[in-house]
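Input: a single structure, listed below in structure tokens.
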Amino acid sequence: MNDAGEPGTLPPGQRLTHTWRASHYGRVPRLDAEDWTLRIAGDTLDGGVTVLTWDDLTRLPQTELVASLHCVDRHSVPDLRWGGVLLREVLALAPPHPDARHALLAAARGYAAAVLVEDLRHPQALLAHSVEGDPLTAEHGWPARAVRPHLYGFKGPKWIVELTYHRHPQQGWWESHGYHPRARVAHEERWAHQG
Ligand SMILES: Nc1nc2c(c(=O)[nH]1)N[C@H]1C(S)=C(S)[C@@H](COP(=O)(O)O)O[C@H]1N2
Ligand SMILES: [Mo]
């Protein structure tokens, strides 16, 4: 879990930063938890659409995990204590069709990240709503963001509002600018041309 606590254990090509400055494109959306929903659609198992409300989210089993945030631009924020619901739990509520191995996570105001369903089921994949015991700030993604510590930060949309399942690979914002479709930190998958 503690994968960037000491310089010696930083993933390849990363450097530690101790000031956690938010990084994103565009203006910070100010969202209310009461109005927030996560829409789960696309190639679902039953063909339907599920809408998860803030109430639904808080009623699911809550988890905390310590994980670092590794940005593909090479800065790493070490050992953040995230709180939220495992994405596994969310997938169990609205599972993908078995042939849908791809997913797109979309944020308010247009940002999206393409991921594998397999990476959503990773034991540390979280739909986070808090950090260090406090609610996320607007800058860091309130009311909810995806956290997948084994992938570069761009795979974790802040202000997440939609999850869709697909049979074919999708393109999110960074993917369409040449970044890696999978983006595993341990394999240093930064650029698409690495294969
Ligand atoms: N909606 C949205 N989510 C986003 C981004 C963004 O631009 N918009 N940037 C991503 C990138 S590149 C990183 S490294 C992390 C940064 O999270 P932080 O600002 O909390 O440090 O958020 C990710 N999630
Ligand atoms: Mo990033």
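Bear in mind that the values here come from a model prediction, so they are computed numbers and not experimental data. Remember, it's 1-based here, ligands and their atoms both numbered in the order they're listed.
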Excluding sequence neighbours, so at least two apart, what forms side-chain contact (heavy atoms from CB on, under 4.5 Å) with Ala41?
-> Arg39, Val49, Thr164
Output the set of protein residues with a heavy-atom contact under 4.0 Å to ligand 1, ordered first by chain identifier and then by residue number.
-> Trp20, Arg21, Ala22, Ser23, His24, Tyr25, Leu69, Cys71, Ala107, Tyr111, His140, Arg145, Gly153, Phe154, Gly156, Pro157, Lys158, Trp159, Trp174
With a 3.5 Å cut-off and no angle check, do the side chains of Tyr25 and Trp174 form a donor-acceptor pair?
-> no
Would you call Asp119 and Arg182 a salt bridge, taking side-chain N to carboxylate O under 4.0 Å as the test?
-> yes
What residues, two or more places apart in sequence or in another chain, satisfy ring-ring contact (aromatic ring centres under 6.0 Å, His included) together with His129?
-> Trp54
Got a salt bridge between Arg121 and Glu89, using NZ or NE/NH1/NH2 to carboxylate O under 4.0 Å?
-> no
With sequence neighbours excluded, what pairs up with Trp82 under the ring-ring contact (aromatic ring centres under 6.0 Å, His included) test?
-> Trp20
